[in-house]
Amino acid sequence: MKKYTFLFEFKKGTYVKQVLSADIRNAIIEWFHSLNSEEMSGMTDDIKNTLKIELDQEEPILIDGMDNVWCMFFKINKLSCLLNVVESNV
């Protein structure tokens, strides 16, 4: 198992969570299911549903020159959302 740290820039906040997973794709799924809309200012069910669709369609991009650091960028309902993921060993 590896530890993945998610840094999600949404509206005017940065939300950080860690999950354990065998790979980044499963880590993204676990991260999404761990999101609590009530803890995130401005997160609605509609936005969360759209985020799920985006996460299913997009692949994380390995940041050039970095080891085990990925980035994903989304436009959801005219909102810019940035997701950075960092992998580390447990």
Side-chain angles (χ1 to χ4, degrees):
M1 294 296 262
K2 298 174 183 170
K3 184 185 296 184
Y4 292 88
T5 303
F6 288 80
L7 301 107
F8 185 52
E9 301 285 335
F10 175 74
K11 288 204 170 186
K12 295 181 181 178
T14 302
Y15 303 91
V16 180
K17 285 200 182 266
Q18 291 183 315
V19 299
L20 296 175
S21 185
D23 58 61
I24 189 166
R25 181 45 60 193
N26 285 320
I28 291 169
I29 294 166
E30 291 294 322
W31 171 77
F32 177 80
H33 290 296
S34 75
L35 290 180
N36 183 343
S37 299
E38 295 173 4
E39 295 175 354
M40 302 174 74
S41 178
M43 180 62 75
T44 64
D45 288 341
D46 181 50
I47 292 171
K48 191 171 178 183
N49 291 336
T50 304
L51 176 60
K52 173 72 169 114
I53 293 166
E54 293 289 332
L55 288 170
D56 289 344
Q57 294 177 352
E58 297 296 324
E59 289 296 321
I61 304 298
L62 188 62
I63 295 177
D64 191 37
M66 305 301 288
D67 293 326
N68 305 321
V69 181
W70 295 267
C71 182
M72 298 176 85
F73 178 80
F74 311 101
K75 282 288 244 188
I76 300 173
N77 300 343
K78 299 182 182 178
L79 299 171
S80 296
C81 304
L82 179 65
L83 178 63
N84 288 300
V85 186
V86 180
E87 175 191 310
S88 56
N89 292 322
V90 177

Is [X] atom [atom1] crowded by more than 12 heavy atoms from other residues, nucleotides or ligands, each under 6.0 Å away?
X   : atom1 : result
D45 : CG    : no
N36 : CG    : yes
Q57 : CD    : yes

Report the distance from atom [atom1] of [X] to atom [atom2] of [Y], rounding to the nearest 0.5 Å.
X   : Y   : atom1 : atom2 : value
L35 : F6  : CG    : CZ    : 9.5 Å
M43 : Y15 : CE    : OH    : 8.0 Å
K52 : N49 : NZ    : CG    : 10.0 Å
S88 : D67 : OG    : CG    : 13.0 Å

Next item on the list: Go through the steps for K2 and N89 under the test side-chain contact (heavy atoms from CB on, under 4.5 Å), then give the verdict.
Entry: CA-CA 5 Å; K2 298 174 183 170; N89 292 322; 4.3 Å; yes
Check: Which of these passes side-chain contact (heavy atoms from CB on, under 4.5 Å) with F10: I47, L83, L82?
Finding: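 Filter result, single survivor: I47.
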Note to self: Which residue is it: N68, T5, I24? I am looking for the one with a side-chain contact (heavy atoms from CB on, under 4.5 Å) to V85.
What the structure shows: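 Single side-chain contact (heavy atoms from CB on, under 4.5 Å) partner of V85 among N68, T5, I24: I24.
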Mind listing the closest non-hydrogen atom pair of [X] and [Y] along with its distance?
X   : Y   : result
S21 : A27 : OG-N, 3.2 Å
S41 : K11 : O-CD, 3.8 Å
M72 : P60 : CG-CA, 3.5 Å

Indicate if [X] and [Y] have the same hydrophobic cluster label, given that clusters are the connected sets of ILVMFWY residues with side-chain heavy-atom separations under 4.5 angstrom.
X   : Y   : result
I29 : L51 : no
L20 : V16 : no
L79 : F8  : yes
V86 : F32 : no
L7  : V69 : yes

Would you mind reporting whether [Y] and [X] have side-chain heavy atoms less than 4.5 Å apart?
X   : Y   : value
E9  : C81 : no
N77 : T44 : no
W70 : E59 : no

Check: Checking side-chain contact (heavy atoms from CB on, under 4.5 Å) for the pair K48/S37: CA distance, chi angles, key distance, verdict?
Finding: CA-CA 8 Å; K48 191 171 178 183; S37 299; 3.6 Å; yes
Notebook entry, point to check: Do E58 and F73 pass the side-chain contact (heavy atoms from CB on, under 4.5 Å) test, and can you show the C-alpha distance, the side-chain angles, and the key distance before you say yes or no?
Noted result: CA-CA 9 Å; E58 297 296 324; F73 178 80; over 6 Å; no
Checklist line | Stepwise side-chain contact (heavy atoms from CB on, under 4.5 Å) test for L62 and M66 | finding: CA-CA 7 Å; L62 188 62; M66 305 301 288; 5.7 Å; no
Item checked: Heavy-atom donor-acceptor pair, Y4 side chain to I28 backbone, under 3.5 Å ->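 Pair absent, no side-chain N/O of Y4 close to backbone of I28.
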Check: Has the side chain of D23 got a donor or acceptor atom that lies under 3.5 Å from a matching backbone atom of R25?
Finding: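 Present.
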